[in-house]
Amino acid sequence: MAWPREGMERSPNRPSEKEARRLGRVIGGSLSEGLVVKLDPRIAIEGLAVGRYVVIHGYRRRFFGMITDIRLDSANPDLARMPPDPDDPLIRDMVSGIGVFGQIHVQPMLLLEEGDPLPRPVKTVPAHFAPVYEATEEEVHAIFRPRREEGEDRYFVIGEPLDMPGVRIPLNLDRLVERSSGVFGKSGTGKTFLARLLLAGVIYHNASVALIFDMHNEYGWSAPGEGGQVPGLKQLPGCFSRVVIATLDEESSRRRNSRYDLVIRIGYDQIEPEDVELLRGVIGLSEVQIGALYMLRRRLGRDWLRILLEEEEAPPVEDEEGGGSPLAELVERDLITSSTLGALQRKLGLFHRFRFLIPRAPEDAAQAVLSRLLQGQSVVLEFGRYGNDMAAYVLVANYLTRRIHAEYVRRKEMALGDPGQEPPHLVIVVEEAHKFLQPGIAEHTVFGTIARELRKYNVTLLIVDQRPSQIDGEVLSQIGTRVLCLLDHEEDVRAALSGISGASRLREVLARLETKQQALLLGHAVPMPVVVRTRDYDSSFVEDLARRGGDRSPDVVEKYFRVMRDED
């Protein structure tokens, strides 16, 4: 196909297909602020929308861009003060396109050089009056299609562009897990749905194992959907043997008919002050009280927490032999004040409600989870009734992540660069991530460490949150791929787009997303920002996974779930 040239004029007869797609011409703009395009008079401005793709044809280059704003303008400001009668078609046609006209702002994203099939980052702008066309399906496919050298099995279709049904937008899974990722959106926009969709692709294509802290029991066996329950990750074709469901609450899992494989119990003697320290923002621990935790661990040994919780009040030392409790002795020696001790006992007394905490556990919970991960299985940890208790969520997530990350660091360093000896890549999924990654706290937590390490020790994060503005800025800067649903707080929008080229223009696109099944994808796993309608997570999704696995039978979905029921 001949390379498009600038300067094509409208045919006096019926316009060609290409001319019918022309929107207008570039009349100004810059690389940083975007391009201004004056619309042709024949273009109905109401038919355009932010987020749509356009292609600008330069002399030797094509510029692939996105509409980020739409506005009305006029050649004479008097027209705004004395508008013509809109009911007079003659007057309306006379001023339309000349006296008054429409404009769109286009943010250039990628550059296609003549003779080079690979898109490049934009470093220049087209000349004045370069024609602007609607992007065709073929042009969108050319940008997003998998590269031959990578293989299609390393990609996962996440959805389709707005106003382009049938055009598939794939994510590069290797690049998705290569750096930490984030799913952001206000409550009710389907963040968990999107995270589950991403994880389905990661697990199905074996791009990484995952440790999922399932706060509201929506990832493992089944999950609530628009029309009732939908299959969780373990029920998806190709994922059954790759997903292990662990639970903190057996009673809740049985009540929900969740098929769990592992019960998590944590002993008081296994908990360290570092595990409790992250609760400072949840239960209001002061710096003095945190320091007292470390002192108790040094003086009382591994049973420090059991002693602290069993002795609600430290009894006084009654005689010269010092026959009081260990806590009373510490108070008497002025190693801790009675007020600090009492405050710790009150605040940590909520641990009595957590039935997964026991004096001594029969096995190490972190090792039990780690062994499954090292075998190439993903672990979904259901919290059951404790999902609504932020203290339980933060405690368990911090407890397991600290130990698993430490073991990954040890194994990675022991491998000495031998890929065959390295542990499998791990993605840790945390909801309400700002509780772990707040400014001033993130730099001291294992979650902040993982985000800053990128993929150094084969561990990255998938953070799911509705308040990105409460996440440390340094952590946000390390987020490789961002999936952004609708956000309505200005500070959250600013934080979600921080460090992104053309963020001011993308803000308009983000602000106009619908509340369900629409998201702005940008970053490491896609060649350029794209607004998609995410694919449905329903029987058609299950059927697609099954057929990819080689099952071509017409009743594939019914047969698959019949097999799952029989296995139960």
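Given the structure is predicted, the values throughout are model-derived calculations rather than measurements. The chain is numbered in sequence order, starting from 1. Note that these values count all heavy atoms, side chains included, but never hydrogens, waters or copies made by symmetry.
Atom CD1 in I463 sits 9.0 Å away from atom OG in S181 (nearest 0.5 Å). Taken to the nearest 0.5 Å, the CG atom of N458 stands 10.5 Å off from the CD atom of E453.
Of the candidates H434, Q470, K435, D465 forms a side chain to side chain donor-acceptor pair (under 3.5 Å) with just one, namely H434. For the side-chain contact (heavy atoms from CB on, under 4.5 Å) test with V183, the passing option among L484, T189, L194 is L194; the others fail.
For residues 522-534, the set of pairs meeting the salt bridge (Lys or Arg N to Asp or Glu O under 4.0 Å) definition, not counting sequence neighbours, comprises R533-D536. Annotation: salt bridge (Lys or Arg N to Asp or Glu O under 4.0 Å) contacts involving residues 495-514, sequence neighbours excluded, comprise E490-R507, E508-R512. Listed by first and then second residue, the salt bridge (Lys or Arg N to Asp or Glu O under 4.0 Å) pairs involving residues 184-211 are K186-D488 (not counting sequence neighbours). Within the structure, salt bridge (Lys or Arg N to Asp or Glu O under 4.0 Å) pairs that include any residue of residues 117-132 comprise D116-R120 (at least two apart or interchain).
When the side chain to side chain contact (heavy atoms under 4.5 Å, CB included) test is applied to R535, the partners found at least two apart in sequence or on another chain are F156, V157, L197, F541, D544. Among residues two or more places apart in sequence or in another chain, the salt bridge (Lys or Arg N to Asp or Glu O under 4.0 Å) test is passed with E443 by none. Considering only residues two or more places apart in sequence or on other chains, E139 meets the salt bridge (Lys or Arg N to Asp or Glu O under 4.0 Å) condition with R62. The side chain to side chain contact (heavy atoms under 4.5 Å, CB included) check on P527 picks up L110, I143, F144, with sequence neighbours excluded. The side chain to side chain donor-acceptor pair (under 3.5 Å) search around R179 returns none, not counting sequence neighbours. The side chain to side chain contact (heavy atoms under 4.5 Å, CB included) test applied to E178 returns R175, R455, H524, not counting sequence neighbours. Residues satisfying the side chain to side chain contact (heavy atoms under 4.5 Å, CB included) criterion with S469, sequence neighbours excluded, are R467, E491, D492, A495. With sequence neighbours left out, D163 forms a side chain to side chain donor-acceptor pair (under 3.5 Å) with R52.
Shortest non-hydrogen contact noted between L510 and C485 is CD1-O, 3.3 Å. The minimum heavy-atom distance between V106 and T68, with the atom names listed, is N-OG1, 4.4 Å. Shortest non-hydrogen contact noted between V526 and L171 is CG1-CD2, 3.3 Å. For L476 against P468, the heavy-atom pair with the smallest separation is CD1-O, 3.5 Å. Taking all atoms of both residues into account, the shortest heavy-atom contact from P161 to V140 is CG-CG1, 4.3 Å. The minimum heavy-atom distance linking I203 with C239 is given by the pair CG2-SG, 4.0 Å.
Distance alone, capped at 3.5 Å, is enough to place a donor-acceptor pair between the K516 side chain and the G188 backbone. Looking at Y537, its side chain does come within 3.5 Å of a backbone N or O of P231 through a donor-acceptor pair.
Using a 4.5 Å cut-off on side-chain heavy atoms (C-beta onward), P131 and R22 make contact. In this structure, the side chains of L233 and I212 come closer than 4.5 Å at one or more pairs of heavy atoms. The closest side-chain heavy-atom distance from H105 to V36 is below 4.5 Å.
Aromatic ring pairs are classed by plane angle as parallel below 30°, tilted from 30° to 60° and perpendicular above 60°; the pair W221 and F240 is perpendicular. Using cut-offs of 30° and 60° on the angle between ring planes, the pair F213 and Y393 is perpendicular.
Defined by atom type and a distance below 3.5 Å, a donor-acceptor pair is present between the side-chain atoms of E431 and T192.
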